[in-house]
Number of protein chains: 2
Amino acid sequence: MNPELSLQLDDQLCFKLYAASRAVVRAYKPMLDELGLTYPQYLVMLVMWEWHQAAPEQATVKALGTRLMLDSGTLTPLLKRLEQQGLLIRQRSTSDERAVNLQLSNQGVQLRERVIPLKAQLICESGADLNELDELRAQVGGLLERIAPMLGY
Amino acid sequence: MNPELSLQLDDQLCFKLYAASRAVVRAYKPMLDELGLTYPQYLVMLVMWEWHQAAPEQATVKALGTRLMLDSGTLTPLLKRLEQQGLLIRQRSTSDERAVNLQLSNQGVQLRERVIPLKAQLICESGADLNELDELRAQVGGLLERIAPMLGY
DNA sequence: CGCAATTAAATTGCACACAATCTAAATAAG
DNA sequence: CTTATTTAGATTGTGTGCAATTTAATTGCG
């Protein structure tokens, strides 16, 4: 049986992706624990830091959802937790009362410094080859871009 | 800044993996809905079908956890749901009262027939290149194997 | 043999994901 | 202008993931 049509677990790209994704999140966990962040919260902060330098005013729940492919059902409670931790501020937009604007607190801005060394540390510990990782990132990205349109992104 | 140390979301392999994994699960969802399975339940069934032909007696919660890298906290409720749906039977092992043996019901065995066409359908809809997918699967698998030992697998 | 350490599941609690529904606000159409 | 539609968030409910704890059974060791 050719692997494309096999039902063997090890032949499933979907399982490898699922397992690898969870494994990477677990690898990040000890480091993120020290910052008091979960992995999805970390991704939100990455986007907020990115926007903080480029275009802080674009930061809304909607825009964050588009960027991370998450809906308000996931983001609303997550953002409330980040707000309670004092990392960001949520407030209704005055120009469009439907939208909720997000901005980093000073504490939120400062947290970035502690995140910078994380990635290098993880790559170092894993002993992975940088070029390989880069290539893999491009390929997984390619897969994502082929699947996303099927799902309306 | 070289991508290896960038904090840009798009430079993060971890995010690509996370997003791609969720996207693939969503792509499976409409098809799995018709079978009444969630994606993790589908993975459990794949393993059970595999073992059914090779070594049915090895099927325990522990073995399933090792194969899928999931613990009893996730599997116990999931397996109870599969049992309630009549797809499998859970029963304490007589030789080792700590272990719970799992076996497919007739209905569980038969469900496999309806799963066989799913993968071909998904690949077809995605318009993905088979050789590319195969290579990607191998590479993601390679990443997984490098990370897994760091996490005690 | 007898007890400590280990092991397999189950349970509890928390934080996602995501579908479905609801509310309020903004926009489009007539 | 007024109603219909669309849009942004919030809410509710279900099902994972996973850490931590608990229970019961088994194994290891002296």
Side-chain angles (χ1 to χ4, degrees), chain A residues 15 18-30 32-33 36-45 58-85 90-102 151-153, chain B residues 15 18-30 32-33 36-45 58-85 90-102 151-153:
Chain A
F15 171 65
Y18 164 81
S21 173
R22 286 189 300 124
V24 171
V25 170
R26 252 174 299 175
Y28 269 96
K29 186 162 192 303
L32 292 179
D33 278 348
L37 292 177
T38 64
Y39 181 73
Q41 288 168 6
Y42 168 69
L43 294 181
V44 166
M45 293 303 289
Q58 77 179 278
T60 62
V61 175
K62 171 68 176 170
L64 212 46
T66 302
R67 194 86 170 83
L68 299 174
M69 300 197 272
L70 291 169
D71 69 5
S72 70
T74 301
L75 288 175
T76 297
L78 188 158
L79 291 168
K80 283 181 180 174
R81 282 176 209 116
L82 288 179
E83 187 175 40
Q84 282 189 335
Q85 290 178 46
R90 298 182 318 134
Q91 59 182 53
R92 286 277 162 190
S93 165
T94 49
S95 60
D96 183 344
E97 293 271 349
R98 292 171 305 178
V100 168
N101 291 128
L102 307 169
L151 304 164
Y153 287 100
Chain B
F15 172 65
Y18 164 80
S21 174
R22 286 189 300 124
V24 170
V25 170
R26 254 174 297 175
Y28 268 96
K29 185 161 193 303
L32 292 178
D33 278 348
L37 293 176
T38 64
Y39 181 73
Q41 288 168 5
Y42 168 70
L43 294 180
V44 166
M45 293 303 289
Q58 78 177 279
T60 62
V61 175
K62 171 68 176 169
L64 212 46
T66 301
R67 195 85 169 84
L68 299 174
M69 299 197 271
L70 292 170
D71 70 5
S72 70
T74 301
L75 288 174
T76 297
L78 188 159
L79 291 168
K80 283 182 180 174
R81 284 178 207 112
L82 288 179
E83 187 175 40
Q84 282 188 335
Q85 290 178 48
R90 298 181 319 133
Q91 61 181 74
R92 287 278 162 190
S93 164
T94 48
S95 59
D96 183 344
E97 293 271 350
R98 292 171 304 177
V100 167
N101 290 129
L102 307 169
L151 304 165
Y153 286 100

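Quick caveat, the model's predicted, so the values are computed rather than measured.
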Fill in: B:L70 side chain reached by B:L64 side chain, heavy atoms, under 4.5 Å
no

Item to complete: With the side chain counted from C-beta on, respond yes when A:V44 and A:L68 share a heavy-atom pair under 4.5 Å apart, and no when they do not.
Response: yes

Does any N or O in the side chain of [X] come within less than 3.5 Å of the main-chain N or O of [Y], such that one atom is a donor and the other an acceptor?
X: B:R92; Y: B:V100; value: no
X: A:R98; Y: A:S93; value: no
X: B:D71; Y: B:T74; value: yes

Take the protein atom [atom1] of [X] and the nucleotide atom [atom2] of [N], then report the distance between them rounded to whole Å.
X: A:E97; N: D:dG9; atom1: CD; atom2: P; result: 12 Å
X: B:L43; N: D:dG15; atom1: CG; atom2: P; result: 17 Å
X: B:Y18; N: D:dG17; atom1: OH; atom2: P; result: 12 Å
X: B:L82; N: D:dT14; atom1: CG; atom2: C1'; result: 15 Å
X: B:L64; N: D:dT16; atom1: CG; atom2: P; result: 13 Å
X: A:Q91; N: D:dG9; atom1: CD; atom2: C1'; result: 15 Å
X: B:L37; N: D:dT16; atom1: CG; atom2: C1'; result: 14 Å
X: A:F15; N: D:dG17; atom1: CZ; atom2: P; result: 11 Å

Practice prompt. Specify the residue among B:M69 and B:T94 whose closest nucleotide of DNA chain D lies further upstream toward the 5′ end.
Written response: B:M69

Nearest heavy-atom pair of [X] and [Y]: which atoms, and what distance?
X: B:F15; Y: A:L43; value: CD1-CD1, 3.9 Å
X: B:S21; Y: A:Y18; value: OG-CA, 3.4 Å
X: B:M69; Y: A:A19; value: CE-CB, 3.4 Å

Worksheet item: Using a cut-off of 4.0 Å on non-hydrogen atoms, how would the nucleic acid contact of B:T66 be classed: base, sugar-phosphate, or nothing?
Response: nothing

Practice prompt. Check every strand shown and say whether A:S93 touches a base, only sugar-phosphate, or nothing at a heavy-atom separation below 4.0 Å.
Written response: nothing

Could you list the donor-acceptor pairs under 3.5 angstrom formed between side-chain atoms of residues 76-84 of chain A and any protein atom two or more places apart in sequence or on another chain?
| from | atom 1 | to | atom 2 | distance (Å) |
| --- | --- | --- | --- | --- |
| A:T76 | OG1 | A:S72 | O | 3.0 |
| A:E83 | OE1 | A:R90 | NE | 3.1 |
| A:E83 | OE2 | A:R90 | N | 3.0 |

Fill in: Contact boundaries on DNA chain C for chain A, cut-off under 4.0 Å to non-hydrogen atoms
C:dA15 to C:dA26

Worksheet entry | Toward the 5' end of DNA chain C, by each residue's nearest nucleotide, A:Y39 or A:S72 | A:Y39

Response to the item:
Closest to the 5' end of DNA chain C, once A:T38 and A:D71 are matched to their nearest nucleotides, is A:T38

Worksheet entry | salt bridge (charged side-chain N to carboxylate O under 4.0 Å, His left out) contacts in which one or both residues fall within residues 58-70 of chain B, not counting sequence neighbours | A:D10-B:R67, B:E50-B:R67

Do any N or O atoms of the protein come closer than 3.5 Å to N or O atoms of nucleotides 2-7 of chain D, and which pairs are they?
| from | atom 1 | to | atom 2 | distance (Å) |
| --- | --- | --- | --- | --- |
| D:dT7 | O2 | A:R98 | NH1 | 3.2 |

Worksheet item: How many angstroms lie between CG in B:L102 and CD in B:Q58, if you round to the nearest 0.5 Å?
Response: 11.0 Å

Discussion item. What's the separation between atom CG in B:N101 and atom OG1 in B:T94, rounded to the nearest 0.5 Å?
Written reply: 7.5 Å

Discussion item. Which residues in residues 21-29 of chain A have a heavy atom closer than 4.0 Å to any atom of DNA chain C?
Written reply: none

Worksheet item: Do any of residues 74-81 of chain B sit with a heavy atom less than 4.0 Å from DNA chain C, and if so which?
Response: B:T76, B:K80

Fill in: Geometric class of the A:Y28/A:Y42 ring pair [parallel <30°, tilted 30-60°, perpendicular >60°]
tilted

Worksheet item: Can you check side-chain contact (heavy atoms from CB on, under 4.5 Å) on B:R22 and B:R26, steps first, answer last?
Response: CA-CA 6 Å; B:R22 286 189 300 124; B:R26 254 174 297 175; 3.7 Å; yes

